[in-house]
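Data first, discussion second: the structure below is written as C-alpha cells.
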Amino acid sequence: MAELTPSMVAVADGVHAYLQQDGGWYLNNAVLITGPDAAITVDTAATEARTRAYRAAISRVTDVPVRTLVATHHHGDHTHGNHLFPEATVVSHTYCRERVLRDDYHAVLALFTGPSWGDIRPAAPGLTFRDTLTLWSGDRRVELRHPGRAAHTRGDVYAWLPDDRVLISGDLVFNGGTPLLAEGSPGGLARTLEELGELDPEVVVPGHGGPSGPELLLETLEYLTWLRQLARAAHADGLAPLDAARQADLGRWAALREPERLVANIHSGYAEITGTPVDMTRLAADMIELNGGLIHCHA
Ligand SMILES: [Zn+2]
C-alpha cells in the first residue's frame, strides 16, 4: 500500500470520509460518523493493513469506540476488514449477510494480482434489514436504505444524513472509475440514481473516488443511458459481449479508470435484455481478456 496515502476528510461536522486514492479496484472509501459516546463506520477496507491504517486514522479523530459498522454491500473492499472491529455490531441488508456467509471471496481474489491481503475474514453481519433502518448518532439521524431492487448488487445499502444533506452511496456511485454492474442491474441502478437525486444531497461520498456534489449522480445516470444503448445495439447485431466492448466508441467515458469493467457491464446489459442471468465465469474471463491478463490491484 505505499505511495497512495489515504486521507480523512471532514464532509460535515463529525462526519469524515476516509478516502483511499486513487479509488481503483479494492481502494474504497469508508465514512466515520462520530457521536458523543460512540462512532459508526460505513464500510471498512480490503486488506488487513489498510483496515489497521483506517483504525489508526479513526483514533486520531476520536477516542469514542466504533459500536456500529454498516456494510453497504458484500464486496470484499467494503467487508474484508470487518473482523478487525470486534467491538462493533455489523449491520447490512439481508442479502449482504447471505453473500458474506457464502464465503466465496477467494474465487474473486484470483482475478487480481498485487495486494498482500493479510488476515481477511469477512465477518457476517449480526443485524440485517430489508428496507430501511434508522441509526442515531447522538441526535443525528443516519438513515440506512435499500433501494428496493438490484442496483450495484442485490443487497445495496446507502446512508442518508438528512440534517447534513450528506449521501454515503457505497458503490452505487464511483467517482473517476467505471461503474460496476457485474452483479447488478443497469436499469435498477438508473432508477435508484433518479431517486437519490430527489433526496437533493449537497455532498455525495461515493464508494470509490473523491466526494462530490449531486452532479456525480447525473453523470453516472448518463453513463448508464449510454451503456444500455450500447448493449441494445450490440445485442441486436449479435455481438458477443467481449466484441461489443472492443468495438465500443467510449467517447467521454474513455477517461474512466478500470475500463475492463465495460465488458462486465455489457454482460449485465444483455441479461437485462434477455432475462437470462449473467454467466459469472464467462464474465470474469472476458474481463481478464479485455484487460490483457490478470487485473493489477494496488490496494
Ligand atoms: Zn467497492
Side-chain angles (χ1 to χ4, degrees), residues 1 4 6 17-32 41-51 53-54 69-82 90-93 95-97 99-100 104-109 111-112 114-115 117 120 122-123 125 144 146-147 150-159 167-185 188-189 192-193 196 204-212 216-217 220 223-224 256-262 264-265 268 280 283-284 287 295-299:
M1 55 181 281
L4 304 162
Y18 184 68
L19 307 172
Q20 300 193 93
Q21 299 300 346
D22 60 352
W25 285 105
Y26 286 90
L27 285 165
N28 63 304
N29 300 327
V31 178
L32 179 72
T41 179
V42 181
D43 291 328
T44 58
T47 71
E48 178 187 354
R50 285 190 170 273
T51 306
Y54 177 42
L69 194 173
V70 178
T72 58
H73 60 295
H74 67 279
H75 288 159
D77 37 349
H78 305 260
T79 57
H80 282 165
N82 289 3
V90 183
V91 183
S92 79
H93 186 265
Y95 177 80
C96 172
R97 177 181 154 85
R99 288 303 306 268
V100 167
D104 56 0
Y105 63 95
H106 282 287
V108 182
L109 300 190
L111 307 180
F112 297 93
W117 300 100
I120 51 173
L144 305 182
H146 171 59
H152 173 63
T153 69
R154 288 171 51 202
D156 304 304
V157 168
Y158 62 88
L167 171 67
I168 304 164
S169 71
D171 287 0
L172 300 172
V173 183
F174 288 76
N175 193 357
T178 304
L180 180 58
L181 294 150
E183 296 179 87
S185 157
L189 181 57
T192 300
L193 290 169
L196 293 180
V204 178
V205 182
H208 296 249
S212 120
L216 188 56
L217 303 174
T220 309
Y223 173 87
L224 292 170
L256 294 179
R257 289 186 320 265
E258 299 85 53
E260 63 278 6
R261 289 179 183 166
L262 175 60
N265 295 344
S268 197
M280 292 304 290
L283 177 150
M287 209 158 56
I295 299 164
H296 186 67
C297 165
H298 45 255

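First listed ligand is number 1; within each ligand, the first listed atom is number 1. Owing to the predicted nature of the structure, the values given are computational and were not obtained by experimental measurement.
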| side chain to side chain contact (heavy atoms under 4.5 Å, CB included) between Arg99 and Asp104, intermediate numbers included | CA-CA 8 Å; Arg99 288 303 306 268; Asp104 56 0; 3.7 Å; yes
Taking both backbone and side-chain atoms into account, decide whether His73 has an N/O/S atom under 2.8 Å from the Zn ion (ligand 1).
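It does not: His73 brings no N, O or S atom closer than 2.8 Å to the Zn ion (ligand 1).
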- Query: Do any of the N, O or S atoms of His78 sit under 2.8 Å from the Zn ion (ligand 1)?
  - Reply: yes
Exercise for the section: Provide the atom name of the closest N, O or S atom of Asp77 relative to the Zn ion (ligand 1). Expected result: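 This residue's closest N, O or S atom turns out to be OD2.
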**Report entry** Note, His152 side chain near Phe174 side chain (heavy atom, < 4.5 Å)
**Finding:**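 Touching, per the 4.5 Å side-chain cut-off.
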Sole residue of Thr178, Leu189, Leu193 in side-chain contact (heavy atoms from CB on, under 4.5 Å) with Tyr223: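 The option that passes is Thr178.
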Under the criterion side-chain contact (heavy atoms from CB on, under 4.5 Å), which of Asn175, Asp171, Val173 is the partner of His208?
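Of all the options given, the one that passes is Asp171.
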### Message
How large, to 10°, is the angle at the Zn ion (ligand 1) when you draw lines to OD2 on Asp171 and to NE2 on His208?
### Response
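For OD2 of Asp171 and NE2 of His208, the angle centred on the Zn ion (ligand 1) reads 100°.
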